[in-house]
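Notes to accompany the following structure.
Index from 1, following the sequence.
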Amino acid sequence: MKKSLLFFSLLLMAGWLSAQITVTNATFPATGDTLRTATDFAPSGIEITAAGGPFNWDFTGLSVGIQSETVFLDASEGSAFDQLPNATHVVIDDLTGGEAYFRVTADKVDLLGANGNDPTGFGVNALFKFSPPLNQRRAPMAFPSNSLTEASVKLTLAWTDLPQALQDAIPIQLADSIRLNVQLDQNDFVDAYGTLAIPGGSYEVLRQKHTQLTETLVEVLVFGFWIDATNQIPPPFNEFLKDTTITYDYYSATEKEVIASVTVDADDNPMSVTFKDNGMLTADEEVVGEQPTAGLMPNPVHDWANFKFQHFPNGEYSMDIFDLNGKHVFNKICLINNDQNLSFNLSRLPAANYFFLLKNKKGEIISSGKLIKK
């Protein structure tokens, strides 16, 4: 009898394991690849299930707040390649000019550094090198599995290299230089598997829970001595000193884009979803004719964001701004009637890249786009 039970258990385990996929390096980016994604900043009906599987996840109700293309170029095309010679690929942001340098090998995709893309949130425009590199993908990926990554960024800057708003905010005004020490700790746990449906497609996927802890120490050089000024950084800049970001990433064995990446809050409530753009939906800002449009000029902005609204029905609208982690950082209720110009005071926000959403009273997204704060 015991032998029969053992044989039955082995059969069940074999069936359970065979129901899962293995994600290989065939899904790693290659030179010339263009990855297309869309982001829904107000997702509904998204369930974060418990670990395990198989599950049937239905994300077909997602809508487009903004659409993006990520192009992987040969690393030699980047302006900082001579300082990151081990990089194989670079991704360049067409709007900001920021560069991200990657090294793709047979088993890993690592982020080596960023030029102009500030991981501190302080709006510093400099070259950041991760030591050791910060892992982005690994292969093979199977359920269940776990991976821990530690990386750090150390950067010394002249006081005058800081954004003026940050210089004015830090109470130590006699500093000559500032030193940033950023520690990043990642935990990537492949905790579930199943089938995920998004607009335009259904995929067999593995789900990876990605938890990143970021802590920044700030020191200032005063009369030749480094002084720990971390506790003296005032709001809103101190919000970036310690941060925890959690995403649930769904990967297939056939597609190079992440099928869906759900950013959640501390209670696992979805805040935004970036998903593979199958061309089934169109972002609201791309409509033409007499549809409502919102133009942001200039962009980058400084203390004030100036919008030109056209063809808007008279009514109440909500302007919301999110950081790149999906955190809600600004809200303003405004009245718009047909063609109108409005300005929003963003002086309290640190220099960084953001997304804006304009919604009507029904919560429908009327317009969206990227906003760069200098």
Verdict with reasoning, Ile246 to Lys209, per side chain to side chain contact (heavy atoms under 4.5 Å, CB included) = CA-CA 7 Å; Ile246 300 174; Lys209 182 179 181 180; 4.0 Å; yes
message = Does Val71 form a side chain to side chain contact (heavy atoms under 4.5 Å, CB included) with Val91? I'd like the steps, not just the answer.
response = CA-CA 6 Å; Val71 182; Val91 171; over 6 Å; no
ask   = Is there a side chain to side chain contact (heavy atoms under 4.5 Å, CB included) between Asn337 and Leu335 once you walk through the steps?
value = CA-CA 7 Å; Asn337 184 11; Leu335 296 176; over 6 Å; no
task = Could you walk me through whether Tyr250 and Phe275 pass ring pair (Phe, Tyr, Trp, His ring centres under 6.0 Å), step by step?
result = CA-CA 9 Å; Tyr250 300 76; Phe275 58 101; over 10 Å; no
request  = Evaluate the criterion side chain to side chain contact (heavy atoms under 4.5 Å, CB included) for residue pair Ser147 and Phe189; output intermediate values, then yes/no.
outcome  = CA-CA 6 Å; Ser147 175; Phe189 178 36; over 6 Å; no
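Checked by atom type, the side-chain pair Glu204/Thr195 shows a donor-acceptor distance below 3.5 Å. Between the side chains of Thr214 and Gln183, no donor-acceptor pair is found at a separation under 3.5 Å. Donor-acceptor pairing under 3.5 Å is recorded for the side chains of Ser343 and Asn306. One side chain, Ser261 or Asp249, offers a donor N or O that lies under 3.5 Å from an acceptor on the other.
Residues satisfying the salt bridge (Lys or Arg N to Asp or Glu O under 4.0 Å) criterion with Lys359, sequence neighbours excluded, are Asp320. Partners of His302 under the ring pair (Phe, Tyr, Trp, His ring centres under 6.0 Å) rule, at least two apart in sequence or in another chain, do not exist in this structure. The salt bridge (Lys or Arg N to Asp or Glu O under 4.0 Å) search around Glu215 returns Lys242, not counting sequence neighbours. Judged as a ring pair (Phe, Tyr, Trp, His ring centres under 6.0 Å), and not counting sequence neighbours, the contacts of Phe356 are Phe307. Remark: Lys256 engages Asp33 in a salt bridge (Lys or Arg N to Asp or Glu O under 4.0 Å) (not counting sequence neighbours). In this view, Tyr317 and Phe312 satisfy the ring pair (Phe, Tyr, Trp, His ring centres under 6.0 Å) rule, not counting sequence neighbours. The salt bridge (Lys or Arg N to Asp or Glu O under 4.0 Å) check on Glu316 picks up nothing, with sequence neighbours excluded. Judged as a ring pair (Phe, Tyr, Trp, His ring centres under 6.0 Å), and not counting sequence neighbours, Tyr203 has no contacts.
A salt bridge does not link Arg348 with Asp303: none of the charged nitrogens is closer than 4.0 Å to a carboxylate oxygen.
Met271 and Phe355 fall into different hydrophobic clusters, defined by Ile, Leu, Val, Met, Phe, Trp and Tyr side-chain heavy atoms under 4.5 Å apart, directly or through other members. By the rule that hydrophobic residues join a cluster once side-chain heavy atoms approach within less than 4.5 Å of another member, Phe81 and Val109 end up as members of separate clusters. Residues Phe130 and Leu84 do not share a hydrophobic cluster, clusters being chains of Ile/Leu/Val/Met/Phe/Trp/Tyr side chains in contact below 4.5 Å. Under the 4.5 Å side-chain contact rule for hydrophobic residues, Val220 and Val182 share a cluster. Phe330 and Phe309 fall within a single hydrophobic cluster, where Ile, Leu, Val, Met, Phe, Trp and Tyr are joined by side-chain heavy atoms under 4.5 Å apart, directly or via other members.
Ile92 is listed as a side-chain neighbour of Leu73, based on a closest heavy-atom distance under 4.5 Å. The shortest side-chain heavy-atom distance between His89 and Tyr101 does not fall under the 4.5 Å cut-off. Two residues are said to be in side-chain contact when any heavy atoms from C-beta on lie closer than 4.5 Å; Arg138 and Ser145 meet this criterion.
Ring pair Phe72/Phe102 is tilted by interplanar angle, where 30° to 60° counts as tilted.
The shortest heavy-atom contact between Pro133 and Arg103 is CG-NH2, 3.7 Å. For the pair Asn341 and Lys308, the tightest heavy-atom approach, listed with the atom from each and the gap, is OD1-CG, 3.2 Å. The two residues Lys370 and Asp93 come nearest to each other via the heavy atoms NZ-OD2, 3.0 Å. Asp277 approaches Ala38 most closely through the heavy-atom pair CB-N, 4.0 Å. Between Phe143 and Val190 the shortest heavy-atom distance is CD1-O, 3.6 Å. Arg137 and Asn135 get closest at one heavy-atom pair: O-ND2, 2.9 Å.
Atom OG of residue Ser152 and atom CG of residue Asn181 lie 6.5 Å apart, to the nearest 0.5 angstrom. Interatomic distance, CG of Leu35 versus NZ of Lys276, reported as 8.5 Å (0.5 Å rounding). Here the CE atom belonging to Met319 is positioned 11.5 Å from the CD1 atom belonging to Ile366, to the nearest 0.5 angstrom. Expressed to the nearest 0.5 Å, how far CG of Leu196 lies from CD1 of Ile198 amounts to 6.5 Å. Distance check: Asn187 CG to Gln212 CD gives 11.5 Å after rounding to the nearest 0.5 Å. In this structure, Phe344 CZ and Leu296 CG are separated by 10.0 Å, a value rounded to the nearest 0.5 Å.
By the neighbour-count criterion of 12 heavy atoms within 6.0 Å, atom CG of Asp82 is densely surrounded, having more than that number from other residues, nucleotides or ligands.
Put simply, the side chain of Asp265 gets close to the backbone of Asp268: a donor and an acceptor are under 3.5 Å apart. The backbone N or O of Leu134 lies less than 3.5 Å from a partner atom in the side chain of Gln136, making a donor-acceptor pair. No side-chain donor-acceptor contact under 3.5 Å links Asp110 to the backbone of Leu112. No donor-acceptor pair closer than 3.5 Å links the side chain of Gln83 to the backbone N or O of Ala80. Put simply, the side chain of Thr230 gets close to the backbone of Val218: a donor and an acceptor are under 3.5 Å apart.
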Atom pairs and distances, donor-acceptor, side-chain atoms in residues 52-59, under 3.5 Å, two or more places apart:
{"unit_1": "Trp57", "atom_1": "NE1", "unit_2": "Thr49", "atom_2": "OG1", "d": "3.1"}
{"unit_1": "Asp58", "atom_1": "OD1", "unit_2": "Thr60", "atom_2": "N", "d": "3.0"}
{"unit_1": "Asp58", "atom_1": "OD1", "unit_2": "Thr60", "atom_2": "OG1", "d": "2.6"}

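Within the structure, the salt bridge (Lys or Arg N to Asp or Glu O under 4.0 Å) test picks out the following pairs touching residues 183-203 (sequence neighbours left out): Asp191-Arg207. Applying the salt bridge (Lys or Arg N to Asp or Glu O under 4.0 Å) test to pairs two or more places apart or on separate chains, none has a residue in residues 141-160. The salt bridge (Lys or Arg N to Asp or Glu O under 4.0 Å) pairs that include a residue from residues 35-54 are Arg36-Glu69, where partners are two or more places apart or lie in different chains.
Just one residue in the list Val264, Thr39, Leu62, Thr247 forms a side chain to side chain contact (heavy atoms under 4.5 Å, CB included) with Val273, and that residue is Leu62.
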